[in-house]
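Note that the structure is predicted; figures quoted are calculated from it, not measured. In what follows, chains carry the letters A, B, and so on, assigned in the order in which the sequence lines appear, proteins first and then strands, with residues in each chain numbered from 1. Values below: every heavy atom of this structure, side chains too, minus hydrogens, waters and symmetry copies.
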Amino acid sequence: MKVLTLNFLTCAVKACKSTSAAFPLHPKDCELVSDTLEANPKLLFNILPRIDWNALIITASELGFPTLPPTPPTPEQLENDPKMMQELHTLLLETQISEGSLVCANCSHEYRVKEGIANFLLPNHLV
Amino acid sequence: MDSGSVVEPERYEEQHVHQVYEQIASHFSSTRYKPWPIVKSFLQSLPPGAVGLDVGCGNGKYLPVNRDVFIVGSDRSTNLVKIASQHQPHAAVVADTLALPHQAGRFDFAISIAVVHHLSTPERRREAIREILECLNEGGRALIYAWALEQKDSRRGWDEGHEQDVMVPWVMKTGKKNPNEDGSTEKTFQRYYHLYRSGELEADIVAAGGKVVESGYEKDNWWAIGQRDPGNKP
Ligand SMILES: [Zn+2]
């Protein structure tokens with residue numbers, strides 16, 4: 001599961017969804033792998049404003065990545081900084097959580113990630 | 001399913017939808033590769049960087065249509081999600097359509113193709129549509145497809161007046177190397193479907209708190225594009 005994906009996921013429990021504590025989910029005991037994927041600047045430039053940057057800062061630091069700047073780079077900055085673009089591409093699209101859990105800080109439920117696939121099916125008592 | 005049934009809809013769908021797809025996943029996947037034209041043009045019309053959902057993504061056959069957007073697919077079947085997650089740059093997770101792991105108001109678009117017709121009560125079908133619409137931001141659009149009752153020229157031949165809740169067989173060849181106990185080489189699975197009649201999908205979208213911006217019929221299916229409607233408080 002990509003780091004980018006985590007920016008668009010929250011707890012599946014109805015009562016959690018509207019709370020700010022449920023987002024982002026927190027990686028726990030996660031194994032990371034890196035895929036090689038050709039960068040698509042058109043996607044990367046345009047998706048930046050769609051990303052919840054503050055949540056990404058939390059996710060990146062919890063996964064042990066270097067601290068991100070407090071605000072996202074502008075498309076112009078990215079265009080003139082191929083290194084920054086490659087780093088963002090690597091973080092968002094190439095880095096994968098292969099094993100581990102994603103924890104909701106509101107209800108403490110842990111969603112398992114196995115072989116890169118996150119499972120959000122809820123046990124009966126949480127539905 | 002008939003309303004007098006004692007089986008809970010969740011358990012009914014588990015047996016007659018989810019377990020079937022899990023078992024037929026790879027065979028089903030090998031037969032599902034050609035995207036429907038309306039879905040294709042909907043996805044191709046999106047601006048680069050748009051972020052959306054494919055609810056009930058199955059093997060992810062719509063994910064390769066546009067690689068300049070980012071789609072988070074979801075499906076109940078782990079086996080299908082494993083296949084779907086191979087379509088870069090997109091993503092796929094295992095989730096229930098009635099409990100999506102997404103924030104409200106966050107997404108530019110959603111598709112849900114041939115999914116809501118697997119839910120066995122009107123309430124659950126509307127709840128699924130509500131769940132999808134809630135994820136959309138203002139102006140976000142959801143394309144929803146469901147199998148039509150009116151398809152008299154199809155192989156199945158259903159039409160107006162037929163029972164809308166049906167079991168549809170899926171025949172899987174087991175191959176000569178793995179015959180059944182009686183020596184036959186086919187295995188039949190029964191899947192539950194609710195066949196939508198004309199106007200029903202649009203009515204469900206409105207009942208789910210949305211509005212319909214466009215709708216139509218394509219190859220034995222009704223489709224509709226819905227949006228959130230802040231003025232619609234059911
Ligand atoms: Zn939670």
Side-chain angles (χ1 to χ4, degrees), chain A residues 1-20 22-25 35-52 55 75 89 92-94 96-98 102 104 109 111-124 126-127, chain B residues 8-11 14 18 22 46-55 60 66-110 127 130-131 134-135 137 140:
Chain A
M1 196 192 75
K2 298 178 179 73
V3 170
L4 178 61
T5 314
L6 204 41
N7 204 263
F8 294 98
L9 291 169
T10 187
C11 184
V13 175
K14 286 253 176 328
C16 288
K17 273 204 211 181
S18 53
T19 68
S20 55
F23 179 81
L25 297 169
D35 272 4
T36 307
L37 194 66
E38 202 185 330
N40 176 356
K42 206 165 158 189
L43 172 62
L44 204 57
F45 289 173
N46 289 293
I47 206 170
L48 277 187
R50 313 287 307 113
I51 290 173
D52 185 319
H89 170 68
L92 294 171
L93 289 146
E94 292 189 318
Q96 307 265 349
I97 298 175
S98 58
L102 304 170
C104 170
H109 187 64
Y111 297 96
R112 284 295 313 273
V113 182
K114 273 188 209 167
E115 296 174 45
I117 307 290
N119 189 329
F120 288 90
L121 297 181
L122 295 168
N124 283 336
L126 287 177
V127 174
Chain B
E8 305 221 339
E10 294 84 347
R11 294 197 42 213
E14 174 61 28
H18 310 317
E22 193 69 1
L46 299 162
V51 178
L53 302 173
D54 183 351
V55 177
N66 189 340
R67 294 174 198 275
D68 295 331
V69 300
F70 182 61
I71 303 175
V72 183
S74 57
D75 202 280
R76 291 264 332 195
S77 164
T78 307
N79 287 338
L80 286 172
V81 167
K82 278 183 187 160
I83 302 169
S85 65
Q86 290 161 14
H87 294 291
Q88 300 295 353
H90 307 292
V93 299
V94 178
D96 190 312
T97 305
L98 296 176
L100 293 176
H102 306 295
Q103 290 166 296
R106 195 72 204 286
F107 296 87
D108 304 306
F109 67 95
E127 187 55 36
R130 181 176 298 120
E131 190 80 2
E134 260 175 19
C135 295
N137 53 32

Using only atom types and a distance under 3.5 Å, with no angle test, would you say the side chain of Lys82(B) pairs donor to acceptor with the backbone of Gly116(A)? no

Does Lys42(A) use its side chain to pair, donor to acceptor, with the backbone of Arg67(B) at less than 3.5 Å? no

Measure distances from [X] to the heavy atoms of chain A and classify the residue's part below 4.5 Å as side chain, backbone, both or neither.
| X | value |
| --- | --- |
| Glu131(B) | side chain |
| Leu98(B) | backbone |
| Asp108(B) | both |

Point-to-point distance, once rounded to the nearest 0.5 Å, from CD of Gln103(B) to CG of Asp52(A): 6.5 Å

The single option from Asn46(A), Leu43(A), Asn40(A) passing side-chain contact (heavy atoms from CB on, under 4.5 Å) against Pro48(B): Asn46(A)

Side chain to side chain contact (heavy atoms under 4.5 Å, CB included) evaluation trace for Thr5(A) with Phe70(B): CA-CA 9 Å; Thr5(A) 314; Phe70(B) 182 61; 3.7 Å; yes

Among Val81(B), Val72(B), Asp68(B), which residue forms the greatest number of heavy-atom pairs with chain A at distances under 4.5 Å? Asp68(B)

Highest number of heavy-atom pairs under 4.5 Å with chain A: which of Pro47(B), Ala91(B), Ala99(B)? Ala99(B)

Run the side chain to side chain contact (heavy atoms under 4.5 Å, CB included) test on Thr78(B) and Lys114(A) for me, step by step, so that the C-alpha distance in whole Å, both residues' side-chain angles and the decisive distance to 0.1 Å come before the verdict. CA-CA 10 Å; Thr78(B) 307; Lys114(A) 273 188 209 167; over 6 Å; no

Would you say the side chain of Ile117(A) lies within less than 4.5 Å of the side chain of Val94(B), judging by non-hydrogen atoms? yes

If you apply the rule side chain to side chain contact (heavy atoms under 4.5 Å, CB included), what do you find for Arg106(B) with Thr10(A), and how did you get there? CA-CA 11 Å; Arg106(B) 195 72 204 286; Thr10(A) 187; over 6 Å; no

Which one of Glu38(A), Glu115(A), Met1(A), Lys14(A) has the most heavy-atom pairs closer than 4.5 Å to chain B? Lys14(A)

Leu37(A), Val13(A), Leu4(A), Leu25(A): which one forms the most heavy-atom pairs within less than 4.5 Å of chain B? Leu4(A)

List the steps, then state whether side chain to side chain contact (heavy atoms under 4.5 Å, CB included) holds for Arg50(A) with Val69(B). CA-CA 11 Å; Arg50(A) 313 287 307 113; Val69(B) 300; over 6 Å; no

What are the two closest non-hydrogen atoms of Leu121(A) and Ala95(B), and how far apart are they? CD2-C, 3.6 Å

